[in-house]
Amino acid sequence: MASKTATMDPGPDAPAGAVPGLDRLPAGPAVFAGRRAELAALRAAAARPAAGRCPVLVLAGRPGSGRTALAVRFARTAAADYPDGVLFVRLSAPDGGRVPPARAARLLLEQLDPDAAVPLPGAVEDGRDEPACVALREALAGRKVLLLLDDVRDAGQVWPLLADEPGCLVLATTAGPLTGIEDIDPVILGGLDGQASGELLADLVGGTRISCDPVGGADLAEACAARPAALRLMAGWLRGNPKTAVTDAARELARVVSEEAARPAVARKKAVQEEKAENGAKSVKDSKRAKGGATAAKGDGKAAQPKPLAEPAGDPAAWVKPAPEPAEPVPVPDNDPLIGAFILMYGTLSTVQARMLRALTLAPAQTADPRTASALAGCPAPEAAAILAALAERELLGEEPPAADGTPRYRVPARLYPRLVRLREQEDRPAETELARARLLERLVRLTESARTLLDPAAGPERAPLSAALRLRSAAHAREWLLGERDLLLGAVADAIGQGDLDGSAGRLVTALLRALPLTGGAAPADLYRLHELVLTVAERHGKPRRASAALLNLGDLQAAAGRWEQAGTHYRAALEHARTADDEPLCARALEGAAGCHRALGDAVGAADWYGRALGLRQSMGDRAAEARLLARVAEAHIAQRRFEEAEREYRAALAVLRRLGDDRGLEAVGGCLTDLRERLGAGW
């Protein structure tokens with residue numbers, strides 16, 4: 001029997017916790033075999049000196065080739081060389097969605113320094129100039145950090161994240177070529193060699209079973225194209241069928257793959273026949289039309305015009321340039337051995353397990369723990385936990401780093417996601433799918449409200465206490481849960497609002513998050529900005545100008561707090577338009593004051609005086625005396641900036657008169673001091 005070299009540990013050279021960030025890496029498979037040459041190539045590439053820039057390593061391989069597992073193993077073994085931390089982010093969702101570089105930069109910044117202020121998003125043409133990307137590159141300066149960018153779609157996602165810091169290292173995994181980044185030599189993953197395939201099967205199935213049938217083991221490895229993901233699925237299938245010979249497993253996989261390969265051909269033939277029949281019927285109809293009649297389907301058959309290539313963004317002299325177009329996700333074809341192995345494994349699942357697996361495609365970022373999985377499947381949390389663990393043991397789910405309270409978390413692998421969505425659409429009724437999504441949102445609302453109650457007991461008792469298995473235990477637990485699950489919570493809201501059919505539940509979750517996140521003390525303005533953007537989307541969709549105006553005012557306030565006065569002014573002016581549509585004078589006044597403050601901060605005294613004057617007139621008509629006094633003082637300041645001292649003195653005196661009527665001693669002292677200062681400066685020849 002071949003000597004064993006498969007290992008059971010995720011990485012021998014870096015103890016857990018020795019370097020910051022290792023606990024955020026995916027767990028990886030319990031058994032790892034082969035890939036010595038690829039690991040050696042990565043180590044050699046990482047050791048090459050870099051001239052003034054961050055070195056980039058690329059690990060390329062088809063879905064199921066084990067590229068993420070290899071990248072994680074390399075990161076663990078190389079972590080000691082990067083004492084400032086190991087950062088991890090995925091740049092593609094399981095559904096193929098492309099994560100923009102600004103979003104990735106924000107996630108990396110939060111890992112690098114959880115207490116750092118993450119910049120608000122900015123509308124920029126060049127991704128490298130996006131505020132979060134700039135902040136990340138600045139934060140990496142002078143540090144030795146390893147960045148693992150998993151499942152990269154195109155170079156345009158990577159180059160804005162690269163710092164001019166030779167002490168850092170970027171390792172990017174991808175399914176396709178990354179054109180646009182210079183000076184890289186990708187390490188390309190194929191299948192495992194024969195020895196490694198045999199070792200992997202022996203460790204997963206049992207050495208005796210494989211050693212007794214070495215030809216069958218070789219046949220099974222060949223049927224799996226020697227790719228780790230397919231081998232692991234087939235090993236799980238063999239464990240569940242202990243009486244099946246390894247040779248028979250290889251034969252069964254080949255049969256399923258052959259049947260799947262035949263399906264597209266049959267479907268294409270049927271589609272061609274239907275198209276011919278449709279065209280024939282159309283020709284008969286067209287022949288009956290009058291000669292001068294309108295032709296049917298005027299644009300039918302017109303070929304789609306190719307899009308012109310975009311000009312590469314960024315400095316042409318830079319060492320890296322973006323790809324002209326985002327790459328499409330690399331699909332797993334139906335006749336791939338990975339799909340065949342999945343079909344066999346899926347057939348061994350119980351009804352409850354199969355339904356859970358399909359439902360997990362609805363989870364935010366396709367990631368779930370027992371709390372959210374139980375809502376999706378409509379079962380108790382302990383039962384959901386057992387099902388999740390069983391699916392992970394069968395290699396149908398990937399294990400994610402646990403939550404802050406130790407709750408296990410799982411993720412649908414990207415390589416299986418499209419097939420699971422297809423199965424969900426075939427086997428689950430649309431009403432069941434919508435109900436599962438609604439249950440998930442309501443569960444997240446209740447968890448968020450529960451967290452808020454623990455963090456702020458003055459808010460009142462929880463309206464409907466959760467069961468013991470779901471309950472958050474303390475204020476510290478509530479804070480950890482909110483901050484740890486923040487990104488998934490925001491993703492759940494964005495998904496729901498994007499689909500537009502559960503706006504009520506999504507709106508309640510937004511409200512709950514806006515109330516709860518600030519109580520943690522770690523709510524980033526970028527999170528609040530994202531939530532108010534979602535509120536604006538729903539308000540405009542349903543024609544609610546008052547709510548849209550309030551959302552725009554909050555967005556403007558966040559931009560103003562960040563010192564981005566031009567962007568804030570844009571939001572305030574948009575809020576004013578919505579407020580006028582709603583005929584809401586208080587909102588109009590707030591928008592006018594906000595816009596005036598932006599003009600003032602930008603040094604535009606004339607514009608500030610104009611906008612403050614308009615706000616003043618509105619507040620006076622509303623009878624808001626306190627606001628009237630405040631705005632009179634602001635108008636006076638704008639006059640001083642224009643050297644219109646007599647007008648400024650008049651406004652200060654008017655403000656004092658209003659404050660006397662209100663009996664506001666503190667206001668009288670403040671405005672009186674401003675007036676005295678103005679008179680002294682004028683007396684000194686100002």
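No hydrogens, no waters, no symmetry mates; every other heavy atom, side chains included, goes into these values. These numbers come from a predicted model, not from an experiment.
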Discussion item. Main chain of Asp193, side chain of Ser197: is a donor-acceptor contact present, judged purely on distance under 3.5 Å?
Written reply: yes
Fill in: Salt bridge flag under 4.0 Å for residues Glu130 and Arg106
no
Fill in: Closest contact, heavy atoms only, Leu70 versus Glu38
CD2-CB, 3.8 Å
Worksheet item: Minimum heavy-atom separation for Ile210 to Gly198, with atom names?
Response: CG2-O, 4.4 Å
Worksheet item: Heavy atoms, side chains only, cut-off 4.5 Å: are Leu397 and Leu388 in contact?
Response: yes
Worksheet item: Which heavy-atom pair separates Ala75 from Val86 by the least distance, and what is that distance?
Response: CB-CG1, 4.4 Å
Fill in: Interatomic spacing from OH in Tyr82 to CG in Leu169 - rounded to 0.5 Å
4.0 Å
Practice prompt. Look only at the side chain of Arg227 and the backbone of Pro337, and say whether a donor-acceptor pair between them is shorter than 3.5 Å.
Written response: no
Worksheet item: Just wondering, do Leu39 and Arg43 contact through their side chains at under 4.5 Å, heavy atoms?
Response: yes
Item to complete: Kindly say whether Pro26 contributes a backbone atom to a donor-acceptor pair with the side chain of Glu399 at under 3.5 angstrom?
Response: no
Worksheet item: Are Asp336 and Arg415 within salt-bridge range, i.e. N to O under 4.0 Å?
Response: no
Practice prompt. Would you kindly say whether Thr407 and Asp369 are connected by a side-chain donor-acceptor distance under 3.5 Å?
Written response: no
Item to complete: List for me each residue that meets ring-ring contact (aromatic ring centres under 6.0 Å, His included) alongside Tyr410, sequence neighbours excluded, and say none if there are none.
Response: none
Worksheet item: Within the distance-only criterion (no hydrogens, no angle test), does the side chain of Glu260 pair as donor or acceptor with the backbone N or O of Val257 below 3.5 angstrom?
Response: no
Item to complete: Could you tell me whether the side chain of Asp219 and the main chain of Glu222 form a donor-acceptor pair under 3.5 Å?
Response: no
Practice prompt. Take Arg371 and Glu485, measure what salt bridge (Lys or Arg N to Asp or Glu O under 4.0 Å) needs, and give me the verdict at the end.
Written response: CA-CA 12 Å; Arg371 292 187 179 95; Glu485 302 299 308; over 6 Å; no
Worksheet item: Would Asp151 and Thr174 count as having a side-chain donor-acceptor pair, cut-off 3.5 Å?
Response: no
Worksheet entry | Rounded distance [0.5 Å steps], CZ in Arg76 versus CG in Leu146 | 11.5 Å
Fill in: Pro228 vs Arg35 side-chain heavy atoms within contact, under 4.5 Å
yes
Discussion item. Less than 4.5 Å apart, side chain to side chain, heavy atoms only: is that true for Leu42 and Leu171?
Written reply: yes
Worksheet item: Is Asp150 reaching over with its side chain to a backbone N or O of Arg90, donor-acceptor style, under 3.5 angstrom?
Response: no
Practice prompt. Would you please test Arg137 and Asp164 for salt bridge (Lys or Arg N to Asp or Glu O under 4.0 Å) and show each step?
Written response: CA-CA 8 Å; Arg137 297 196 301 272; Asp164 297 330; over 6 Å; no
Discussion item. For a quick test of reading the model, state the closest non-hydrogen atom pair linking Gly340 to Leu253 and the distance between them.
Written reply: C-CD1, 3.5 Å
Item to complete: Answer yes or no: is there a donor N or O on one side and an acceptor on the other, between the side chain of Gln366 and the main chain of Leu362, under 3.5 Å?
Response: no
Discussion item. Using side-chain heavy atoms (C-beta onward) and a distance below 4.5 Å, is Val56 in contact with Leu162?
Written reply: yes
Fill in: Any donor-acceptor N/O pair, Asp248 side chain to Thr244 backbone, under 3.5 Å
no
Worksheet item: Given the rule in the side-chain contact (heavy atoms from CB on, under 4.5 Å) test, do Leu489 and Leu444 qualify, once you have shown the distances and angles that lead to the verdict?
Response: CA-CA 7 Å; Leu489 290 166; Leu444 295 177; 3.7 Å; yes
Worksheet entry | Exercise: do Tyr417 and Arg422 side chains pair donor with acceptor under 3.5 Å | no
Worksheet item: With a cut-off of 6.0 Å (strictly less than), are more than 12 heavy atoms of other residues, nucleotides or ligands near CD of Glu480?
Response: yes
Worksheet item: Where the side chain of Glu165 meets the backbone of Gly142, is there a donor-acceptor pair that is under 3.5 Å apart?
Response: yes
Worksheet item: Can you tell me how far the CG atom of Leu109 sits from the CG atom of Leu140, to the nearest 0.5 Å?
Response: 8.0 Å
Item to complete: Verify whether one side chain among Thr361 and Arg424 offers a donor that lies under 3.5 Å from an acceptor in the other.
Response: yes
Fill in: side-chain contact (heavy atoms from CB on, under 4.5 Å) partner of Arg239, the single match among Arg394, Glu393, Met234
Glu393
Discussion item. Testing the basics here: between Ser92 and Arg411, what is the closest heavy-atom pair and its distance to 0.1 Å?
Written reply: O-NH2, 3.8 Å
Practice prompt. Answer yes or no: is there a donor N or O on one side and an acceptor on the other, between the side chain of Ser374 and the main chain of Pro370, under 3.5 Å?
Written response: yes
Practice prompt. Supply the atom-to-atom distance Leu490 CG to Arg530 CZ, rounded to the nearest 0.5 angstrom.
Written response: 4.5 Å
Worksheet, complete the sentence: CG (Leu360) and CG (Leu396) are apart, to the nearest 0.5 Å, by 10.5 Å
Worksheet entry | Least distance between heavy atoms, Ala79 atom then Val19 atom | O-CG2, 3.4 Å
Item to complete: Would you mind checking if Asp428 and Arg358 are paired as a salt bridge, meaning a charged N to carboxylate O distance below 4.0 Å?
Response: yes
Worksheet entry | Test: Arg419 cationic atom under 6.0 Å from Phe342 six-membered ring centre, within 45° of axis | no
Worksheet entry | Partners passing side-chain hydrogen bond (donor to acceptor under 3.5 Å, both in side chains) against Asp81 (at least two apart in sequence or in another chain) | none
Worksheet item: Out of curiosity, Asp203 CG to Leu201 CG, how far, rounded to the nearest 0.5 Å?
Response: 9.5 Å
